[in-house]
Amino acid sequence: MEAKSHSHRNNSIGEEPPSCQSIETHSKNIHLNDSNWYKVSTTETLHRLNSDKNVGLSEEDVSFRRSKYGKNNLTESKKESKLVRFLKQFNNSVIYILLVAGVLTLFMGHISDTVVIGIVVLVNALIGYIQENKAESAISKIKQMLVVNATVIRNSQRLDIDAGDLVPGDIVYLEAGDNVPADIRILEANNLKIQESVLTGESDSVQKDKQTLIGTLTVADQTNMAFASTSITNGDMTGVVVATGDYTQIGKINKSINDVKQEKTPLIISINNLGKYISYAIVLVAVLLFGFGVLFDIYEIPTLLLSIVTMVVGSIPEGLPAITSVILAIGVQNMARKNSIVKNLPSVETLGSVNIIATDKTGTLTKNEMTIKDIVTKHHNYIVTGDGYSPEGEIFESKGKQDLLINKSSEKISSKLKIEGDLKKLILIGALANDAKLNQENDKWVINGEPTDGCFLTLCKKANLDTSNFIEIDKIPFDSDFKYMAKIVDLENSRYLVVKGAPDKLIDVIKKSNNKFDDIYWQNEVSKLAKKGKRVVAVAYKNLSKDITKIQHELLDNDLNLVGLVGILDPPKESVIDAILQARNAGVKVKMITGDHPETAVQIARQIKLSDENRVITGSQLDKLTDSELNSVIKDYDIFARATPENKLRIVKAYQSNNLITAMTGDGVNDAPALKQADIGISMGIKGTDVAKESSDMVLADDNFSTIVDAIKEGRRVYDNIKKTIKFLLPTSIAEGLIVLISIILNNPLPLEPVQLLWINMVSAITISFAFVFEPAENDIMNKNPRKKSDSIIKSQDTIRILYVATMIAGLGLIISQHLTSLGISQNIVSTVTLNIVVFCKIFYLFNIRTDHSAISKNLFTNKVAFLVVGILISLQMAITYMPQMHIIFRTASLQITDWLYPFYCGLILFSIVEIEKFLSNTLKKVR
């Protein structure tokens, strides 16, 4: 049986039956990473793969090739274990210091201090771990796309097998509705169309055939190839597998995703650097202080160590990671309510610093719903209102050359027309020469078929014309070789040939048989529409006798009448123009990436006011540039036309090489590497593939570009509030450290215990800082340029304020504690008063830091949560001051009413001085 199969297969290609050794020799000659199969004839392809279209492979062939090339699956990147992911949360300099402090307090017997420090560290680690576990791997989603069945021919038998078992050389049969399971060279095709948007980004199905191609072609232009993850929308095919698994086009994308290294967000970099510098400073001061204490014999060694631990614990802003996560989490929730699903917390803030939005055109800036906007007949021009597939709109006769999309003033159009004459013929022919279906589903009009066909059905409904009584006799489906679709139909007791197709093709056909045909007029009208960036389709017909029942291409050669032309456009979304203007006003540049013709792209760019210049470069021009050349010119262009998936990744990298924080939108598998590479990858929630969603940082639930601009505003608000939080926490933490540091140097009793400092930093700090979560955005937040990637989160002016506020709080606390100690008041009462001084200074400073302008203004009450958290904090301070159980844990004591005047007056003094400093600083800025 096997010998017979070999003989049959090889007789068809003129070879002797091979032995196992010859099979191995042939297999070694198969180059799965060869992407030029489209240049190889079908006969030569079968020869190279040692396969036969009618017989397929033998089991011996299949077994050998599977052992050599593996299963038709994608390699999945190795995942970190949950334990490793959790332990990584402790890889932080601030956490290291806290852990050392916890160990020291444990050895010194201060168990309560150790427990509180441990809880702080654990809570921070859990928050980070939970957030990292929310996203699943993009690679696993790609892998799922390949897990389908395939119909193959093996040993002359037709079998259904798991697609994972395919090997190079397998003969595969596919029909409409099937997913393509591997990269396949087409051997036979019958009216074949394949939807390749997951790879190319373009929504139209591509006409396919078996013809050998020449030249260097992109994936989108390889019309004799079927690629893994695409789907058959029309017809059927037989092909031979030329690449499986990692060697397919989707496999190469899979590798690109693995190769892309995700960069840390600007916020994480800033906070990590801040934590690192704080840690270095604290360690340096602790070492110097220990040496100083030993040298001058200030305390006993255990007491000195505990004092230094107290200073370290006081100086570290333990609450910063937790409150930062809370602010980011609330930002995520706010965005979700506005249709932006953010997958990881730091991405919220990164949006606020975006310089570039590199966005797809189709479906993001436009509706991805082809719409007829212009109609041209022999004697009239018409304008069609309404966008998309919804049959809402009217047809008007144009009184000039103006485009209704640019200027909708009523003087440019006349009253609604009566549909008759050539206009009626054109609309009916367009609807009859059609294979699409237009249906209303859940109050939304959708098409089943090609977008170009769909827009003719919408036009017919706008004109209220009925085509239900026609009978289809025969048809020629659209073919890229002929560039038209034709049908024989019976309508109202007459038989017609109706044709819809490329204008150049139909004009040439008619001109050959009709010397009176005014081809110059029609070509000029085609040119006018094309220069507006519109796709032009011509409509023609001829009368037929009832005897003609079979359609032939030759039927078009005589007596064909050109009725008119239509200009088709994928209209911009209504909200896009305003959103782009907002982005530009905020210093964010929007760049369009599209597979469309440059003129079409420029026309859309003008309509949406993308840029003042709208400079365009094509993918082929971009391919001729080296990476360094592209990096140097990338900022000069606004539009990238005829762009390939490879171009998208290079574009993102080029912007990033110019230190520009880049957001990239996409919806297809082909977009995944660029989405992952971008600082912010943004995928489409409705039309996006699972792979795109998993590779991105944010998903637009409504596929609306304006949602991105709303997210940028929220990101800026989040960043401002995190910055305010840091500017709030640092001076108070430094003040606590200074109180201990100065007390050690002066050989005075410590006014605050380690556990009291942890109380201040965690409980009170998070309580007060929670007010910043709900701080509204500044009025001018979208009138500022994005901050630079290299900008520090704390600037020099901020540093000055942090230092003098810290010095004031420490000074006030020490002065009052020394005063009370001199009066012979117990240490617990002194500590409690000092603790409340620090807390009340925080309360007053909260209102200072909420705005850079005067705190006493109409904006004082814009954040009601601030007053709520102050009330909660005061209640907590009452608890730690007067509850006996709290006295035991935190070594505090009850206070007299008069003792509360110290914290209140200290807070008021700090508030007044900061307000004076802000007034002087703002006045100086105005003078400059």
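Residue numbers count from 1 along this sequence.
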Original post:
With distance as the sole test, does N614 use its side chain to make a donor-acceptor pair with the main-chain N or O of V602 at under 3.5 Å?
Top reply: no
Original post:
Is it true that the side chains of N859 and T851 contain a donor and an acceptor less than 3.5 Å apart?
Top reply: no
Original post:
Do N783 and N585 come close enough that some side-chain heavy atom pair is under 4.5 Å?
Top reply: yes
Original post:
Taking atom types as modelled and ignoring hydrogens, do the side chains of Q249 and D183 form a donor-acceptor contact shorter than 3.5 angstrom?
Top reply: no
Subject >> Heavy-atom side-chain proximity of L622 to I651 below 4.5 angstrom >> reply: yes
**OP:** Verify whether one side chain among N658 and N631 offers a donor that lies under 3.5 Å from an acceptor in the other.
**Re:** no
Original post:
Could D623 and R642 be called an ion pair, given the rule that one side-chain N must be under 4.0 Å from one carboxylate O?
Top reply: no
Original post:
Is the backbone N or O of V699 less than 3.5 Å from a side-chain atom of S696, with the two atoms forming a donor-acceptor pair by type?
Top reply: no
Original post:
Tell me, do F772 and I849 make a side-chain contact under 4.5 Å, heavy atoms counted?
Top reply: yes
Original post:
Between N334 and R337, is any side-chain donor less than 3.5 angstrom from a side-chain acceptor?
Top reply: yes
**OP:** May I ask you to test the K528-D374 pair for a side-chain heavy-atom distance under 4.5 Å?
**Re:** no
Original post:
Is D627 close to R650 at the side-chain level, that is, under 4.5 Å between some pair of heavy atoms?
Top reply: yes
